[in-house]
**Q** 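Pasting in a structure now, in structure tokens, and then I'll have a few things to ask.
Computed from a predicted structure; not experimentally measured. Counting convention: from 1, in listed order, for ligands and their atoms alike.
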Amino acid sequence: MSYRDLLKDKKRIVIKIGSSSLHHPETGGLDYTKIDVLVREICDLKNRGKDVVLVSSGAIAVGRRAVGIAADELKETSKKQACAAIGQTRLMMVYQKIFAEYNHMAAQVLMTKNTIVDNLNRFNARNTFMELFELGAVPIVNENDTVATYEIELGDNDTLSAVVGALTDADLLILLSDIDGLYSDDPRENPDAHFISEVDDLDEVMDMGKKSTGSDVGTGGMNTKLQAARIATVSGIDMVIANSADIKVIHRIVDGAEIGTIFKAHRDDSFDLPLYVQQMHK
Ligand code: GLU
């Protein structure tokens, strides 16, 4: 039996989708077909008895488009926060509607760094997640961009998804992105770059994350994905990075197919999530 076969038995799955994967690149408008397939895949996992959390970016990008501001013009923090407030509700309305079409419940959870660092906040957040699983709902998580500024923000949803995985005792994290997985170098710049399908020792690949994906809608690059892999793997969570070009990879990954890059879990019981989060970006 291969390592990938073990993914069939995963019970609690966190799926992260980036802003660039939710939009048509030509226009910046939401790609409803993709979102529909994403929700259908998640509902099907729910029907297979799994708990699923969706970490979705897109608040700022959707809000920015609603008010007609170009990406390179959105510099002011307060403006970004206002766009997030507008975009988050629009995004949730779309998710809510499609989840309801498949007879599933969506629930919004917005977090900041403080949610993890503060003991009472973390305790409450964890209990809420557990209750939502119990109720059969799908938590849809984003950073609370409307109030989060530098001191309290996690900064990117790759990290957020790993943190959510650790907080909720997830056993699989799937990061859907605009890249196939981890390459030894940036494949758009270096034709000799080779694909890495399995990572057992994270320290051996940590340097490969220096190049970004180059996408202008989200904040994550490969570096943030490797940081996420650090949090996930020491928390005992297998993590897969895969290309969101075909959202149906989700069920194929869960069925054990060799898709994307898998980072194997190596639980480290000494890992202290709140301390780690507190020390990030310092
Ligand atoms: N939280 C941001 C948003 O929803 C995105 C962060 C990210 O893409 O990593 O707009």
**Q** Under the criterion salt bridge (Lys or Arg N to Asp or Glu O under 4.0 Å), I'd like the reasoning laid out for D171 against K10: C-alpha separation, chi angles, the key distance, then a yes or no.
**A** CA-CA 6 Å; D171 45 13; K10 297 296 183 185; 5.2 Å; no

**Q** Pick, from L91, I60, V62, the option with the minimum heavy-atom distance to atom 10 (O) of ligand 1.
**A** I60

**Q** Quick one: list whatever passes side-chain hydrogen bond (donor to acceptor under 3.5 Å, both in side chains) with T233, sequence neighbours left out.
**A** none

**Q** Could I get the full list of side-chain hydrogen bond (donor to acceptor under 3.5 Å, both in side chains) partners for S184, not counting sequence neighbours?
**A**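 S184 satisfies side-chain hydrogen bond (donor to acceptor under 3.5 Å, both in side chains) with H194 only.
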
**Q** Just to be sure I read this right, does ligand 1 sit under 4.0 Å from the backbone of D145, its side chain, both, or neither, counting only heavy atoms?
**A**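 Answer for D145: side chain.
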
**Q** Would one find an N or O of S57, backbone or side chain, under 3.5 Å from an N or O of ligand 1?
**A**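 Yes, since at least one N or O of S57 sits under 3.5 Å from an N or O of ligand 1.
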
**Q** Give a yes/no verdict on whether any heavy atom in G58 is under 4.0 Å from an atom of ligand 1.
**A**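 Contact present.
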
**Q** Roughly how far, to the nearest 0.5 Å, is the OG1 atom of T77 from the CG atom of D145?
**A**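 If we round to the nearest 0.5 Å, D145:CG and T77:OG1 are 11.5 Å apart.
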
**Q** Is the contact between N142 and ligand 1 made by the side chain, the backbone, both, or neither, using heavy atoms and a 4.0 Å cut-off?
**A** side chain

**Q** Evaluate salt bridge (Lys or Arg N to Asp or Glu O under 4.0 Å) for D44 paired with K50, printing each intermediate quantity in order.
**A** CA-CA 9 Å; D44 199 49; K50 316 226 181 253; over 6 Å; no

**Q** Can you sort out which atoms of ligand 1 are near D156, meaning under 4.0 Å from one of its heavy atoms?
**A** 9 (O)

